Amino acid sequence: FQSIVLAHKNKTPGKILISRGDLKDCGRIRSLPAYLKNPEINKDEISLDDEVEPLYNEMILLKFVDRQNVPVGSLNWFALHPTNMGEKNKLISGDNKGYAEELFEKEYGGVIAAFANTCCGDSSPNVGKAYGRPDGVHDLERTKKFGEKQFKKARELFENANEELQGNIDFRQTYVDMSSCSIEGTDKRTWPAAFGLGMSQGSSEDSKGPGMWPEGTRKPVYDKNPESELGLIKFLASLVGIQWPEKNEITPEYVTGHGEKPIFLHLGLSRYKGDPLVPSIMPLQIIQLGSLIIIAHPGEITTIAGIRLRKTVLDILDKESTGVKYAVVATYANAFTS
């Protein structure tokens with residue numbers, strides 16, 4: 001709060017410049033079997049043994065200058081998990097993005113730098129034979145390596161930023177119950193959140209899960225019998241104060257709505273101290289800064305979902321009437337979907 005107050009007191013006329021470019025060799029797809037199911041990907045050119053770069057690897061950077069063209073700030077978005085500092089690290093860390101910010105602010109004294117994230121749901125710095133899961137030995141070395149890659153690209157874009165954002169400043173924000181949305185053009189809808197067996201593994205590239213069910217576990221592979229395990233799950237949940245949903249809440253439509261996912265925990269129907277265990281009513285926001293649209297989303301979106309979302313928004317916002325040319329997704333914004 002005090003940071004916002006101080007920034008407001010220090011406001012001064014200026015300009016925002018925009019620059020963008022691809023950053024290669026900075027992260028790999030961490031859930032390749034899932035990634036290959038997207039029709040945008042040519043599966044014939046990729047094997048499961050490959051180390052695959054995300055289809056989208058663009059960095060978009062904003063350069064803030066005062067009316068004397070003196071730089072005062074920099075903000076960029078690039079999709080990469082800040083997970084080089086692994087679970088064996090016991091200190092607070094800004095990880096690769098924090099290190100990139102430190103390098104940038106040392107390079108440009110007086111400039112405040114922010115290295116923000118975008119659609120990195122399946123993009124990790126820990127994929128590949130040269131890296132692997134953080135081990136507590138090489139973590140800092142890899143943190144610096146991936147931080148430096150982002151810093152160097154940001155510095156290049158910062159130095160070459162010459163297109164000024166001009167036009168309207170505007171925004172829209174709404175709250176949506178994501179557990180009950182009709183899907184346009186279909187007879188389908190969304191359902192309250194559920195924890196699948198495959199999710200219990202966590203991200204096997206970035207941390208070590210329990211190893212009981214691998215990522216991508218589906219109903220044909222594991223035919224979960226809820227009657228035989230329901231008692232145990234309810235008992236374990238009750239130990240930490242979780243209120244399990246009533247039997248009539250777990251409807252066949254809800255179970256079918258989750259498709260091939262074998263449901264492990266009914267997160268969207270369970271409560272803790274009277275409150276939902278996970279949020280379902282989420283803020284969605286769009287901000288216009290001249291020719292740039294910032295799509296503020298409260299979740300962690302994957303590469304292909306991000307490509308589709310940006311295209312959808314740009315297609316809807318007519319370029320001729322709005323002047324919008326660029327779109328960026330600001331993930332983990334305003335809330336977190338869990």
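Hydrogens, waters and symmetry mates are skipped; everything else that's a heavy atom, side chains included, is used. Predicted model, so just to flag it, every value in this text is computed and none were measured. Just so you know, residue 1 is the first one in the sequence shown, and it goes up from there.
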Just to verify, what does Asp139 make a salt bridge (charged side-chain N to carboxylate O under 4.0 Å, His left out) with, not counting sequence neighbours? none
So if you build clusters from Ile, Leu, Val, Met, Phe, Trp, Tyr with side-chain heavy-atom gaps below 4.5 Å, do Ile294 and Val176 land together? no
Following the transitive rule for hydrophobic clusters with a side-chain heavy-atom cut-off under 4.5 Å over Ile, Leu, Val, Met, Phe, Trp and Tyr, establish whether Tyr35 and Tyr56 coincide in one cluster. yes
Is Glu141 salt-bridged to Lys145, going by a charged N under 4.0 Å from an acidic O? no
Main chain of Val324, side chain of Ser291: is a donor-acceptor contact present, judged purely on distance under 3.5 Å? no
Is the closest basic N to carboxylate O distance between Arg310 and Glu58 below 4.0 Å? no
Are Asp66 and Thr12 linked by a side-chain donor-acceptor pair shorter than 3.5 Å? no
Any ring pair (Phe, Tyr, Trp, His ring centres under 6.0 Å) involving residues 64-84? Give me the pairs, sequence neighbours left out, ordered by first then second residue. none
Could you go through Glu40 and Ile307, starting from their C-alpha distance and side-chain angles, then the distance that decides it, and tell me whether this counts as side-chain contact (heavy atoms from CB on, under 4.5 Å)? CA-CA 10 Å; Glu40 290 91 340; Ile307 290 172; 5.8 Å; no
Ile18 vs Ile60 side-chain heavy atoms within contact, under 4.5 Å: yes
Taking atom CD1 of Ile169 as the centre, report whether more than 12 heavy atoms of other residues, nucleotides or ligands fall under 6.0 Å from it. no
Neighbour count >12 (heavy atoms, 6.0 Å) for atom CG, Leu6: yes
Consider only side-chain heavy atoms of I, L, V, M, F, W and Y, link residues closer than 4.5 Å, and tell whether Leu277 and Ile250 are in one cluster. yes
I'd like to know if Leu23 and Phe146 are part of one continuous hydrophobic network [Ile/Leu/Val/Met/Phe/Trp/Tyr, side-chain heavy atoms within less than 4.5 Å]. yes
Flag yes if more than 12 heavy atoms outside Ile183 fall under 6.0 Å of its CD1 atom; otherwise flag no. yes
Between Asn334 and Ala296 the two heavy atoms that sit nearest each other are ND2-CB, 4.0 Å
Once rounded to the nearest 0.5 Å, what's the spacing between atom OH of Tyr254 and atom CD1 of Ile263? 4.0 Å
Do Leu80 and Pro125 have side chains that get closer than 4.5 Å, going by heavy atoms? yes
Taking only residues two or more places apart in sequence, or in another chain, which ones meet Phe195 in a ring-ring contact (aromatic ring centres under 6.0 Å, His included)? none
Indicate the atoms forming the closest heavy-atom contact of Asp206 with Arg30, along with that distance. OD2-NH1, 2.5 Å
Taking the side chain from Asp135 and the backbone from Val137, do they hold a donor-acceptor pair closer than 3.5 Å? yes
Report the C-alpha distance between Glu163 and Lys325 in whole Å, list the side-chain angles of each, state the deciding distance to 0.1 Å, and finish with yes or no for side-chain contact (heavy atoms from CB on, under 4.5 Å). CA-CA 12 Å; Glu163 180 183 347; Lys325 296 193 295 183; 2.8 Å; yes
Arg20 side-chain N/O to Leu157 backbone N/O, donor-acceptor pair under 3.5 Å: no
When you measure from the side chain of Lys43 to the backbone N and O of Lys37, does any donor-acceptor pair fall under 3.5 Å? no
When every non-hydrogen atom of Gly306 is compared with those of Cys119, the smallest separation belongs to CA-SG, 3.5 Å
For His138, the ring-ring contact (aromatic ring centres under 6.0 Å, His included) test, sequence neighbours excluded, returns none
Under 3.5 Å, is there a donor on one side chain and an acceptor on the other for Asp318 and Ser321? yes
Ignoring hydrogens and angles, tell me if any N or O in the side chain of Glu205 forms a donor-acceptor pair with the backbone of Asn126 under 3.5 Å. no
Identify, with sequence neighbours excluded, every residue that meets ring-ring contact (aromatic ring centres under 6.0 Å, His included) alongside Phe151. none
Under a 3.5 Å distance rule, please check whether Glu53 uses its side chain to pair with a backbone N or O of Lys24 as donor and acceptor. no
Side-chain heavy-atom pair Thr337, Pro298 within 4.5 angstrom cut-off: yes
Using a distance-only test with no angle check, is there a side-chain donor-acceptor pair under 3.5 angstrom linking Asp315 and Thr312? no
For the backbone of Met85 and the side chain of Asp95, can you confirm whether one donor and one acceptor N or O come within less than 3.5 Å of each other? yes
Check: Gln243 side chain, Gly274 main-chain N or O, donor-acceptor pair, under 3.5 Å: yes
To the nearest 0.5 Å, atom CD1 of Ile29 lies from atom CG of Leu36 at 9.0 Å
Heavy atoms of other groups near Lys88 NZ, more than 12 under 6.0 Å: no
Under the criterion side-chain contact (heavy atoms from CB on, under 4.5 Å), I'd like the reasoning laid out for Glu105 against Ile112: C-alpha separation, chi angles, the key distance, then a yes or no. CA-CA 6 Å; Glu105 292 184 356; Ile112 297 173; 4.0 Å; yes
Flag side-chain contact, heavy atom, 4.5 Å: Arg308 against Lys311: no
Between Pro82 and Asn117, is any pair of side-chain heavy atoms under 4.5 Å apart? yes
Once you measure the plane-to-plane angle for Tyr332 and Phe336, does it fall in the parallel (<30°), tilted (30-60°) or perpendicular (>60°) bin? tilted
Please name the pair of heavy atoms, one in Ala100 and one in Gln150, separated by the smallest distance, quoted to 0.1 Å. CB-CB, 4.2 Å
For residues Asp122 and Ile304, determine if any side-chain heavy atom of one lies less than 4.5 Å from a side-chain heavy atom of the other. no
Measure the acute angle between the ring planes of His266 and Trp244, then classify it against the limits of 30° and 60° as parallel, tilted or perpendicular. perpendicular
Once you round to the nearest 0.5 Å, how far does OG1 of Thr118 lie from CD1 of Ile295? 8.5 Å
Could you tell me if the side chain of Arg271 sits less than 4.5 Å from the side chain of Pro276, heavy atoms only? yes
For residues 162-194, which residue pairs qualify under ring pair (Phe, Tyr, Trp, His ring centres under 6.0 Å), counting only residues two or more places apart or in two chains? none
CE on Met59 to NZ on Lys149, rounded to 0.5 Å: 12.0 Å
Can you tell me how far apart OG1 (Thr322) and CG (Asp170) are? Round to the nearest 0.5 Å. 10.5 Å
Ignoring hydrogens and geometry, is there a side-chain-to-backbone donor-acceptor pair from His258 to Ala193 under 3.5 Å? no
Could you tell me whether the side chain of Arg155 reaches within less than 4.5 Å of the side chain of Tyr108, counting heavy atoms only? yes
Residues, nucleotides or ligands: over 12 heavy atoms within 6.0 Å of Met199 CE: no
Rounded to the nearest 0.5 Å, what separation is found between the CG atom of Leu103 and the NZ atom of Lys152? 9.5 Å
For Leu165 and Leu62, run side-chain contact (heavy atoms from CB on, under 4.5 Å): C-alpha distance rounded to whole Å, both residues' side-chain angles, the deciding distance at 0.1 Å, then the answer. CA-CA 9 Å; Leu165 290 183; Leu62 301 183; 4.0 Å; yes
Modelled atom types, side-chain donor and acceptor of Asn84 and Lys144, under 3.5 Å: no
Distance-only, no hydrogens or angles: does the Lys63 side chain make a donor-acceptor pair with backbone N or O of Pro71 under 3.5 Å? no
Hydrophobic clustering (ILVMFWY, side-chain heavy atoms < 4.5 Å, transitive) - are Leu17 and Val72 grouped together? no
